[in-house]
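Shown next, in structure tokens, is the structure this report addresses.
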Amino acid sequence: MKADEIIKSFEISDDKLTQLIAMMGHELEKGLDKATNDEAEIKMLPSYVTSTPDGTEEGDYLALDLGGTNFRVLLVKISSGNDVKIEMDNQLYPISNELMTGTGTQLFDHLVKCLWDFLVQRDMMCQLLPIGFTFSFPTKHLGIKKTILVSWTKGYTASGVVGEDIGALLNDAINRRFKIRCLNFDLKIMSTVVNDTVGTMVSCAYDHHDTCMGLIVGTGTNMCYMELQKNIGTIDDGDPNDGSEMCINTEWGAFGDNSGALDSVKTFYDEIVDSESPNKGQHVYEKMISGMYMGEIVRRIIVDLHKDKELFESIDPNSVLLSCGLSTAFVSQVLHPGFDTTQIQQYLTGFGVKANENDCNLLKRICEVVSSRAAHLCAVGVVAVAKRIAQNRGTKAPTVGVDGSVYRRHPTFKKILLSKTKQLAPDLDISFELSTDGSGRGAALVAAVESRLQHLQTKSPVE
Ligand code: BG6
Ligand code: GLC
């Protein structure tokens with residue numbers, strides 16, 4: 001049976017996963033080393049975030065959060081002293097496919113239009129607060145205030161943005177909208193741009209001080225972690241005796257892009273999903289794990305097995321199962337713990353599918369293997385990074401701050417990730433903390449940490 005072969009092709013042995021951990025560890029080192037960074041697939045991008053919040057941060061901040069399922073605008077109020085707390089007010093705004101794939105100017109004008117609407121509703125226009133901008137794409141930081149987009153991922157292709165300074169594009173768009181609406185508008189505030197992994201790590205670190213890794217498993221997947229500055233060859237050499245750290249945005253989604261590390265575990269379906277994506281050949285690891293692709297992998301298998309008469313009596317020719325881009329919510333629904341065969345059959349009716357009991361069992365098995373493989377591969381990355389941290393800091397019990405729709409909403413992913421991580425790293429005690437309010441809160445905290453540090457620098461010695 002073709003179905004058995006397909007299912008088998010998604011199973012990866014523990015020996016292989018252990019080999020992949022070593023390969024990932026090697027690629028992390030290549031990305032850190034100045035001599036090999038150019039050719040390295042995992043770019044290990046320095047974030048210039050060197051300090052996590054210490055509880056003394058305060059003030060009101062705005063945060064923008066772009067790159068996940070939705071765009072969010074947030075107002076974040078941070079209080080310190082006896083009453084340390086963070087209050088948040090936020091609003092979601094959808095980003096259409098046209099905006100993702102149009103021009104950069106259209107995209108940034110839209111973001112600022114949402115920001116303006118948010119401020120108008122709160123009667124807060126024309127006096128902009130400092131902005132923390134979660135921009136969930138690979139960016140190169142030339143210092144904390146200059147952030148260049150390296151490449152788009154996750155279906156975004158907006159023109160005129162790659163190679164540009166994201167903070168400057170945002171400021172220009174703010175100027176365009178605010179200048180004509182606010183008298184004497186003078187934009188002094190530069191925004192602080194952070195990756196969503198960094199925002200997530202910082203946000204979790206505020207509540208759980210051992211947090212030194214930030215993981216996203218959502219539309220895309222990525223990890224950041226605190227690395228010793230002396231090991232980061234791509235920034236000015238640090239003092240070898242200095243224990244200062246900096247957060248590295250690994251951009252691990254690109255694992256396997258050039259090294260071929262994943263070739264032996266890639267399936268025919270991974271190849272097709274990759275070849276039909278807008279960034280073919282890039283972010284291979286991400287495409288085997290994250291929510292933007294998991295549903296589509298399952299859909300391709302369904303279509304193939306149906307053609308071979310191994311699955312489903314009939315599929316309506318207009319069914320969305322026959323056109324690209326099935327959402328991972330489909331997989332989550334099929335694997336929903338409360339769902340029995342009758343409920344799966346009913347659910348499939350909505351997709352124009354006639355399925356018998358065997359079909360439902362086979363579909364469940366397909367969703368299970370695709371999901372488990374994603375969780376197993378993600379565990380590989382978590383363990384590879386945790387091993388580095390253990391080596392650097394001697395910390396055997398790191399905390400990972402996590403966010404993303406797959407981690408939050410997929411019914412089995414989290415459980416499998418946690419148990420596989422434990423199994424692959426029996427000598428480590430890795431714990432996972434779900435980020436409370438998304439990475440926008442972390443971006444505001446990074447802006448607040450920066451204000452605190454700047455304030456310290458500008459204080460006179462006798463103050
Ligand atoms: C959110 C963050 O909580 O998680 C986003 O605030 C991030 O910045 C997102 O990109 C990832 O989730 P998803 O599933 O929406 O891609
Ligand atoms: C993609 C982006 C990365 C982001 C991740 C999760 O991999 O390149 O920057 O962190 O998705 O959103």
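Counting convention: from 1, in listed order, for ligands and their atoms alike.
Within 6.0 Å of the CZ atom in Arg409, the count of heavy atoms belonging to other residues, nucleotides or ligands does not exceed 12.
Of the protein's non-hydrogen atoms, Asp403 OD2, 3.6 Å is the one closest to atom 1 (C) of ligand 1. Ranking protein heavy atoms by distance to atom 3 (C) of ligand 2, first place goes to Glu251 OE2, 3.3 Å. Here the protein heavy atom with the shortest distance to atom 14 (O) of ligand 1 is Ser405 OG, 2.4 Å. Glu286 OE1, 3.1 Å is the protein heavy atom nearest to atom 1 (C) of ligand 2. The shortest contact between atom 16 (O) of ligand 1 and any protein heavy atom is with Thr219 OG1, 2.5 Å. Protein heavy atom nearest atom 5 (C) of ligand 1, with residue, atom name and distance: Asp65 OD1, 3.4 Å. Looking only at protein heavy atoms, the nearest one to atom 2 (C) of ligand 2 is Thr153 OG1, 3.2 Å. When hydrogens are left out, the protein atom nearest atom 12 (O) of ligand 1 is Gly404 CA, 3.4 Å; that is the closest non-hydrogen contact. Looking at atom 10 (O) of ligand 1, its nearest protein heavy atom turns out to be Asp196 OD2, 2.8 Å. Closest to atom 15 (O) of ligand 1 among all protein heavy atoms lies Thr69 OG1, 2.6 Å.
Side-chain contact, Ser264 with Lys16: a donor N or O sits under 3.5 Å from an acceptor N or O. One side chain, Asn222 or Thr250, offers a donor N or O that lies under 3.5 Å from an acceptor on the other. A donor-acceptor contact closer than 3.5 angstrom is absent between the side chains of Asn231 and Gln229. Residues Ser136 and Asp196 bring a donor and an acceptor atom of their side chains to less than 3.5 Å of each other. Residues Tyr225 and Glu227 have side chains that bring a donor and an acceptor to within less than 3.5 angstrom of each other.
At a heavy-atom cutoff of 4.0 Å, ligand 1 is contacted by the side chain of Ile216 but not by its backbone. Residue Asn195 touches ligand 2 through its side chain alone, judged by heavy-atom distances below 4.0 Å.
Side-chain atoms of His336 come within 3.5 Å of backbone N or O of Gly338 as a donor-acceptor pair. Formation of a donor-acceptor pair under 3.5 Å by the Lys387 side chain with backbone atoms of Gly25 is not found in this model. A donor-acceptor pair under 3.5 Å links the side-chain atoms of Glu286 to the main chain of Thr221, judged by distance alone. Side-chain atoms of Arg441 come within 3.5 Å of backbone atoms of Ser203 as a donor-acceptor pair (strictly under, hydrogens ignored).
Contact annotation: Pro138 has at least one heavy atom less than 4.0 Å from an atom of ligand 2. Using a 4.0 angstrom heavy-atom cutoff, Gly220 counts as in contact with ligand 2. Note on ligand 2: Asp196 sits in its first shell, one or more heavy atoms being nearer than 4.0 Å. For the ligand labelled ligand 1, residue Ser136 lies inside the 4.0 Å heavy-atom shell.
Of all the atoms in ligand 1, the ones that sit under 4.0 Å from a non-hydrogen atom of Gly438 are 3 (O), 6 (O). Per-residue contacts place His283 under 4.0 angstrom from the following atoms of ligand 2 (heavy atoms of the residue considered): 7 (O), 8 (O). Proximity to Asn222 (heavy-atom distance under 4.0 Å) selects the following atoms of ligand 2: 3 (C), 4 (C), 5 (C), 9 (O), 10 (O). Atoms of ligand 1 found under 4.0 Å from any heavy atom of Thr134 (numbered from 1 in listed order, with element): 8 (O). Atoms of ligand 2 lying under 4.0 Å from at least one heavy atom of Ile216, given by number and element, are 6 (C), 12 (O). Shown in contact with Ser439 at under 4.0 Å from a heavy atom are these atoms of ligand 1, numbered in order with element: 2 (C), 5 (C), 6 (O), 8 (O).
Inclusion of Lys154 in the set of residues having an N or O under 3.5 Å from an N or O of ligand 2 is warranted. Ligand 2 has no N or O atom lying under 3.5 Å from any N or O atom of Asn249, backbone or side chain. Inclusion of Lys154 in the set of residues having an N or O under 3.5 Å from an N or O of ligand 1 is not warranted.
Evaluated for a salt bridge (Lys or Arg N to Asp or Glu O under 4.0 Å) with Asp270, the options Arg300, Arg373, Lys287 yield exactly one hit, Arg373.
With salt bridges taken as basic N to acidic carboxylate O contacts below 4.0 Å, none links Lys396 and Asp429.
By the side chain to side chain contact (heavy atoms under 4.5 Å, CB included) test, Gln106 is found to be paired with Leu99, Thr103, residues two or more places apart in sequence or in another chain being considered.
Between His141 and Tyr48, the two ring planes are tilted [angle within 30° to 60°]. Between Phe71 and Tyr93, the ring-plane angle classifies as tilted under the 30° and 60° cut-offs.
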